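Down below is the structure, laid out as structure tokens.
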Amino acid sequence: MRRLAILFVAVGSVMAAFDMTSASASTPATDAAPTDGRADLGLAPVDVLQVSGLVDHIVADEIEKAIARAESGDAQALILQINSRASVIGREAMKKLYARISEARVPIAIWVGPSGARATGLVAQLLSAADATGMAPGARIGRTGVPLSDDVSFGDATDDMRTRTLGFQDARRRGALKLSISDEGAPTIRNMVFALDGLEIDGRTLDTAVESVGDDGTVSNDITVVRFHKLGLAAQMFHTAASPAVAYLFLVIGLALLVFEFFTAGVGVAGIVAAVLMLLGFFGLGELPDRTWALVLILFSMFAFSVDVQVGIPRFWTGVGLVSFATGSWFLFPTVDQHELRPSWLTLLVGIGGIALAFVSGMPSMTRTRFATPTIGRERLIGQIGRAITDVAPDGSVQIGAARWKARTNRATPLKAGDAARVTAIDGVILEVEPEQGGARDYRERRPAPSE
């Protein structure tokens, strides 16, 4: 477990160093593919922002930045490349984003791609706000739900798309798209940029492609420079942390490492990794809708596990913890924007199975190993004198010979660190101790005072 923690820290350090040495991770990267004279076409470039995963505040802010960048720069159009199944920022925030796209001073197109991409829920309604829309073959749009605005329209498919999705052919035939695209659709960004050529938007004609004839009479179509933008490294890390599966696993692993660190000496690598993972996990939960009572169950399960971990034997509280953790994991995320946020079966299996394995076998074994004695026959410890390493009031640690044990005071007589302690009984891996002299006597040992 410590080696795994070290690996996490090493990977995080490399990512942080890479992020610091990057000039600007959110700076647009110019499409460097074929240098076939496109830079000499004399056409204004087209910006492309790649949007994938749930639309959270990070993605929404990046879309607004991309629009502002295109408006103030030399781009003649902005294409939003979307592959998103839901929004988790709420209806009001999505209304503002819808209005920002609709009122942008630069033409905005939305391309749902590549093949297999999805635009569903409130995210799909953004297509209605764009000036031009296209899809890759194999992509689907729909399940839009309640309209964000009275302006939301998808042609003849408007009502049907509220509850179901459409593929490219159906969307094209029923007027859900705003571009005249061939029967093959727009399988790549290049096809989408080419389809924008000659499109008139608010009195402006887009000029994104040039047809040229070679010396041998062959006709070729060249498109303008395409500049791709995406989330920066840090923003991408937090956006990834805000996905249900990652947020859940970060939280679970962080809590397990925290319990592990609690039952070891000092603050080590596991504690640092736990803090980082829990920070990212709670950030993700802050971005995502969740059920508070389910989160409380997960936190309570860690307390229940800890009760049995300290004695080194999985008993009643381990069972309570497993039931609480499994229930909290299953119900942690609700359905949002007609999309089920609950992690996949594989993710839940890793989370629940990993926790069960850790607290039924791993943690208790670790506790028994750490506080085990090298002497065979623990009964021989009864009556031996050791030294209190910490205050024992009523719980603490004592050292008997060369071994360190968890200890509990006998008959509620406290000991201070450094005091001599006599072992009176053993409960699992916990020693019951009392001061070498002056220990409290059990009431059953009292004798009636002699009568005078």
Side-chain angles (χ1 to χ4, degrees), residues 19 22-52 55 58-84 96-114 126-136 177-181 186-212 220-236 239:
D19 188 38
S22 299
S24 176
S26 60
T27 300
T30 302
D31 181 15
T35 57
D36 51 3
R38 289 188 303 164
D40 299 323
L41 296 179
L43 305 178
V46 171
D47 286 349
V48 175
L49 175 65
Q50 298 171 326
V51 177
S52 62
V55 173
I58 296 174
V59 171
D61 289 344
E62 193 64 28
I63 292 176
E64 294 189 6
K65 290 178 182 178
I67 295 174
R69 184 169 52 234
E71 288 176 334
S72 60
D74 58 348
Q76 62 173 310
L78 169 65
I79 299 177
L80 300 179
Q81 177 184 339
I82 289 182
N83 180 15
S84 176
K96 294 180 180 179
L97 185 59
Y98 183 96
R100 183 70 178 95
I101 294 174
S102 178
E103 300 168 0
R105 298 191 304 273
V106 64
I108 295 182
I110 292 181
W111 177 62
V112 183
L126 297 181
L127 275 72
S128 177
D131 299 300
T133 54
M135 296 171 58
L177 302 178
K178 298 181 180 180
L179 274 180
S180 297
I181 303 178
T188 65
I189 279 289
R190 178 184 176 86
N191 298 102
M192 186 67 183
V193 173
F194 188 78
L196 292 176
D197 187 54
L199 186 66
E200 293 188 7
I201 300 175
D202 296 332
R204 181 188 314 178
T205 301
L206 297 181
D207 189 10
T208 61
V210 171
E211 184 179 277
S212 60
S220 62
N221 296 309
D222 298 324
I223 63 171
T224 186
V225 172
V226 178
R227 300 182 302 197
F228 289 93
H229 301 253
K230 58 183 178 179
L231 294 175
L233 185 60
Q236 183 62 53
H239 175 57

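Bear in mind the structure is a predicted one, so any value in this text is a computation, not a measurement. Position 1 is the first residue of the sequence, and the numbers go up from there.
Remark: side-chain polar atoms of Trp111 are not paired, donor with acceptor, to backbone N or O of Ile79 under 3.5 angstrom. The backbone N or O of Val193 sits less than 3.5 Å from a side-chain atom of Thr208, completing a donor-acceptor pair. Side-chain N or O atoms of Asn191 include one that pairs as donor or acceptor with a backbone N or O of Thr188 at under 3.5 Å.
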Test side-chain contact (heavy atoms from CB on, under 4.5 Å) on Leu97 and Ile63 and set out the steps. CA-CA 8 Å; Leu97 185 59; Ile63 292 176; 3.8 Å; yes
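With sequence neighbours excluded, no residue forms a side-chain contact (heavy atoms from CB on, under 4.5 Å) with Ser52. Every residue meeting the side-chain hydrogen bond (donor to acceptor under 3.5 Å, both in side chains) condition with Asp74, not counting sequence neighbours, appears here in chain and number order: Arg227. For Ala66, the side-chain contact (heavy atoms from CB on, under 4.5 Å) test picks out Leu49, Arg69, Leu78, with sequence neighbours left out. Under the side-chain hydrogen bond (donor to acceptor under 3.5 Å, both in side chains) criterion, Glu71 pairs with Arg100, sequence neighbours left out. Taking Asp197 as the reference, nothing meets the side-chain hydrogen bond (donor to acceptor under 3.5 Å, both in side chains) condition, with sequence neighbours excluded. Remark: Ala44 engages Gln76 in a side-chain contact (heavy atoms from CB on, under 4.5 Å) (not counting sequence neighbours). Partners of Tyr98 under the side-chain contact (heavy atoms from CB on, under 4.5 Å) rule, at least two apart in sequence or in another chain, are Leu126, Ser128, Ala129, Leu148, Ser149, Asp151, Val152. For Ser102, there are no side-chain hydrogen bond (donor to acceptor under 3.5 Å, both in side chains) partners two or more places apart in sequence or in a different chain.
Here the CD-CD distance, from Glu62 to Gln50, works out to 11.0 Å after rounding to the nearest 0.5 Å. For the atom pair CD (Glu103) and CD1 (Ile67), the distance works out to 10.5 Å, reported to the nearest 0.5 Å. To the nearest 0.5 Å, the span separating NZ on Lys230 from NE2 on His239 amounts to 12.5 Å. For the atom pair Asp61 CG and Leu231 CG, the distance stands at 10.0 Å (nearest 0.5 Å). We find the CG-CG distance between Leu179 and Leu199 to be 6.0 Å, quoted to the nearest 0.5 Å. Interatomic distance, OG1 of Thr133 versus CG of Leu127, reported as 5.5 Å (0.5 Å rounding).
Closest of all the heavy-atom pairs between Leu43 and Thr224 is O-OG1, 3.3 Å. Across every non-hydrogen atom of Arg204 and Pro107, the tightest pair is NH1-CD, 3.0 Å. Shown here for Leu196 and Ala132, the closest heavy-atom pair between the two residues is CD2-CB, 3.8 Å. The shortest non-hydrogen separation linking Ala136 to Pro187 is CB-CA, 4.1 Å. Nearest heavy atoms, Ala109 versus Met192: CB-CE, 4.0 Å.
By the 4.5 Å heavy-atom criterion applied to side chains, Gln81 and Val51 are not counted as neighbours. Counting only heavy atoms from C-beta outward, the side chains of Leu206 and Ile201 approach each other to under 4.5 Å. Counting heavy atoms from C-beta on, the side chains of Asp47 and His229 come closer than 4.5 Å.
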